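What follows is a single structure, written as structure tokens, with notes after it.
These figures come from a predicted structure and were not determined experimentally. We name chains A, B, ... by the order of the sequence lines, and we start the count at 1 in each one.
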2 protein chains.
Amino acid sequence: MSRVLVVDDDRHLLRALRITLAAAGHEVVTAPDGTTALREAASAHPDVIVLDLGLPDMDGTEVLAGLRPWFAGPVLVLSARAGSNDKIQALDAGADDYVTKPFDMAELLARLRAALRRRVSEGSDPVVVTEHFTVDLAARQVLADGGPVRLTPTEWALLAELVHNTGRLVSQRQLLQSVWGPAYERETNYLRVYLAQLRRKLEPDPSHPRYLHTEPGAGYRFTP
Amino acid sequence: MSRVLVVDDDRHLLRALRITLAAAGHEVVTAPDGTTALREAASAHPDVIVLDLGLPDMDGTEVLAGLRPWFAGPVLVLSARAGSNDKIQALDAGADDYVTKPFDMAELLARLRAALRRRVSEGSDPVVVTEHFTVDLAARQVLADGGPVRLTPTEWALLAELVHNTGRLVSQRQLLQSVWGPAYERETNYLRVYLAQLRRKLEPDPSHPRYLHTEPGAGYRFTP
DNA sequence: AGGGATCCTGACGGGACCTTGACGTCGCTG
DNA sequence: CAGCGACGTCAAGGTCCCGTCAGGATCCCT
């Protein structure tokens, strides 16, 4: 159904959440601390994040701050602190919801459903068609004249980010953040290498791109 | 800032909410019962709805059910009932958040901000159109008669700063500062060079500018 | 354990971009 | 009318960025 990243240092709670969420049809990824959370968020591409504020290595709001510049999906915060100030601080730091421990598992699921519902209703065309190929974001597949095109996971992540912003310029930073994670903002090499591979697989004339355009010094743009 | 429809039958609470929300910069519309709420929601086009479940004429979930088929914005439910089943029912009926009475006013405001933040990020592109070209600030693109116009990063930064203050005079200092940084306030050469390039790319007759006007000794002005 | 696919890394040539300075023109002022 | 300042234009140099390629490391499946 959708991928959920659960961040909590309580092993028992983590286990309970994993079981409950899996039973509800979600794919579950877990992280026991903030550092792991940021890494998993970048690599696993979750649809939604459940974040406990009380983590061993860093404050939960710091994780939020590290997440928000590039993670657009909903973040649901868990916390043992019931004070209004804690709630306000977390919500203004970018949280979409705030649930106080101890909480009712069924209520948490309902709040997750509410958060995910918005994402679905926002979802624009999951399919983009050009003269030479078709990109199906939902099915994670690219079809060309001669049948399906084989894309590696990295190639796909890059293409998906570009297609998701069809017509708009996507900055190098945004691409690097969403595909490789926030720590790779400077590795513009990666973009050059993988854009070349995508062009070789998709463009009719890879040396004169028609769909995957370069904007020197800025980023890349997909235009159908 | 944004328009809020508040639905509650408690006059005192309604009054308190009206004052608090107005102080936070919102425009406030109120409704004392479900029938009025549905009418106001249709006529006033609110950005967000705060809905009490305990209404005199109909159940709150019925109001939600009447709202959801056509109202896409966030709905924040208030209720005196703290049971999990009530929450789950409301959330699955289409509510985006559920706050139990009595609640902290500051927390409600924070939850409203969180709900509205999502809407802003979806915001449509600010586009400036002239007779000869179109500037799309969100997509970072300029379209002319013959297709897209290639702009270098510096050219774009300069144009964006001018377009962002359409019709207003932008001082040389402000332009230099926002494009090149505070250390370049004296380098008015740069402006002359890059304004010339922009005119060559955008103006129908570059030697007689129609959109990018020079104000001698002061700065430049973009007029559509 | 072996093979293949995928990913990372560094180097290099070519081209685009930014900077800089010189020169001509226009308008204002003494 | 002469002088001055501000603006527009142009070209050249140097820097930075991009596309390309290949080698090596890593991971996964057999």
Side-chain angles (χ1 to χ4, degrees), chain A residues 39 42-45 140 142 148-162 169-173 175-176 178-181 183-203 205-222, chain B residues 140 142 148-162 169-173 175-181 183-221:
Chain A
R39 196 174 58 239
S43 62
H45 297 283
R140 198 191 176 287
V142 181
V149 180
R150 282 186 58 87
L151 292 185
T152 72
T154 308
E155 287 166 5
W156 171 259
L158 189 56
L159 179 63
E161 185 69 18
L162 284 168
L169 177 109
V170 189
S171 72
Q172 306 183 8
R173 274 189 51 197
L175 285 172
L176 288 166
S178 78
V179 177
W180 283 273
Y184 293 77
E185 282 186 10
R186 310 274 166 179
E187 306 290 340
T188 56
N189 279 341
Y190 298 4
L191 293 179
R192 294 206 288 277
V193 172
Y194 281 93
L195 255 297
Q197 293 182 7
L198 279 178
R199 284 176 178 145
R200 215 171 302 144
K201 292 186 178 181
L202 299 179
E203 293 278 358
D205 180 3
S207 57
H208 298 91
R210 175 169 166 180
Y211 303 106
L212 300 166
H213 296 282
T214 302
E215 307 260 346
Y220 294 85
R221 184 197 308 272
F222 172 77
Chain B
R140 196 196 177 283
V142 180
V149 180
R150 284 184 57 88
L151 292 186
T152 72
T154 308
E155 287 165 7
W156 171 260
L158 189 56
L159 179 63
E161 186 68 19
L162 285 168
L169 172 80
V170 188
S171 72
Q172 303 183 356
R173 273 190 52 196
L175 285 172
L176 287 165
Q177 195 165 333
S178 78
V179 176
W180 281 273
Y184 292 75
E185 284 188 5
R186 309 275 167 177
E187 306 288 341
T188 56
N189 279 342
Y190 296 3
L191 292 179
R192 293 206 285 279
V193 172
Y194 280 93
L195 255 298
Q197 293 182 5
L198 279 178
R199 283 174 178 146
R200 212 173 305 143
K201 293 186 178 182
L202 299 179
E203 293 278 359
D205 180 3
S207 56
H208 298 91
R210 175 169 167 182
Y211 303 107
L212 300 165
H213 297 283
T214 303
E215 308 259 345
Y220 293 85
R221 184 197 308 270

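Remark: nothing in residues 148-161 of chain A comes within less than 4.0 Å of DNA chain D through any heavy atom.
Not a single donor-acceptor pair under 3.5 Å links the side chain of B:Glu203 to the backbone N or O of B:His208.
When rounded to the nearest whole Å, the span between CZ of A:Arg186 and C1' of D:dC18 equals 18 Å. In this structure, CG of A:Leu175 is placed 12 Å from P of D:dC18, rounded to the nearest angstrom. At whole-Å resolution of the value, CD in B:Glu215 and P in D:dG5 are 22 Å apart.
Looking at B:Leu202 and B:Tyr211, their side chains never come closer than 4.5 Å, going by heavy atoms from C-beta outward. Residues B:Pro153 and B:Arg140 are in side-chain contact: their nearest non-hydrogen atoms beyond the backbone lie under 4.5 Å apart. Taking 4.5 Å as the limit, every side-chain heavy atom of A:Arg221 sits out of range of all side-chain heavy atoms of A:Pro209. Proximity of A:Leu151 to A:Val142: side-chain heavy atoms (C-beta onward) are separated by under 4.5 Å at one or more points. For the pair A:Leu159 and A:Lys201, the minimum side-chain heavy-atom distance is 4.5 Å or more. Looking at heavy atoms from C-beta onward, B:Trp180 lies in side-chain contact with B:Leu191 at the 4.5 angstrom threshold.
Rotation axes derived from the C1' atoms of the five outermost pairs at either end of the helix from C:dA1-D:dT30 to C:dG30-D:dC1 lie 30° apart, to the nearest 10°.
Where DNA chain C meets chain A (any atom under 4.0 Å from a heavy atom), the bounding nucleotides read 5' to 3' are C:dT6 to C:dC17.
Within 6.0 Å of the CZ atom in B:Arg173, the count of heavy atoms belonging to other residues, nucleotides or ligands does not exceed 12.
Evaluated for a side chain to side chain contact (heavy atoms under 4.5 Å, CB included) with A:Tyr220, the options A:Leu158, A:Val170, A:Leu195 yield exactly one hit, A:Leu195.
Contact annotation for B:Gln172: backbone-only contact, meaning every heavy-atom pair under 4.0 Å involves sugar-phosphate atoms and none involves a base.
Remark: the B:Gln172 side chain and the B:Thr188 side chain contain no N/O donor-acceptor pair separated by less than 3.5 Å.
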Where protein sits on nucleotides 19-30 of chain D, one letter per nucleotide: B base, S sugar-phosphate only, - none, heavy atoms under 4.0 Å: BBB---------

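A:His213 contributes atom NE2, which lies 11.5 Å from atom CG of A:Leu169 (distance to the nearest 0.5 angstrom).
For B:Thr154, there are no side-chain hydrogen bond (donor to acceptor under 3.5 Å, both in side chains) partners, not counting sequence neighbours. For B:Arg150, there are no side-chain hydrogen bond (donor to acceptor under 3.5 Å, both in side chains) partners two or more places apart in sequence or in a different chain.
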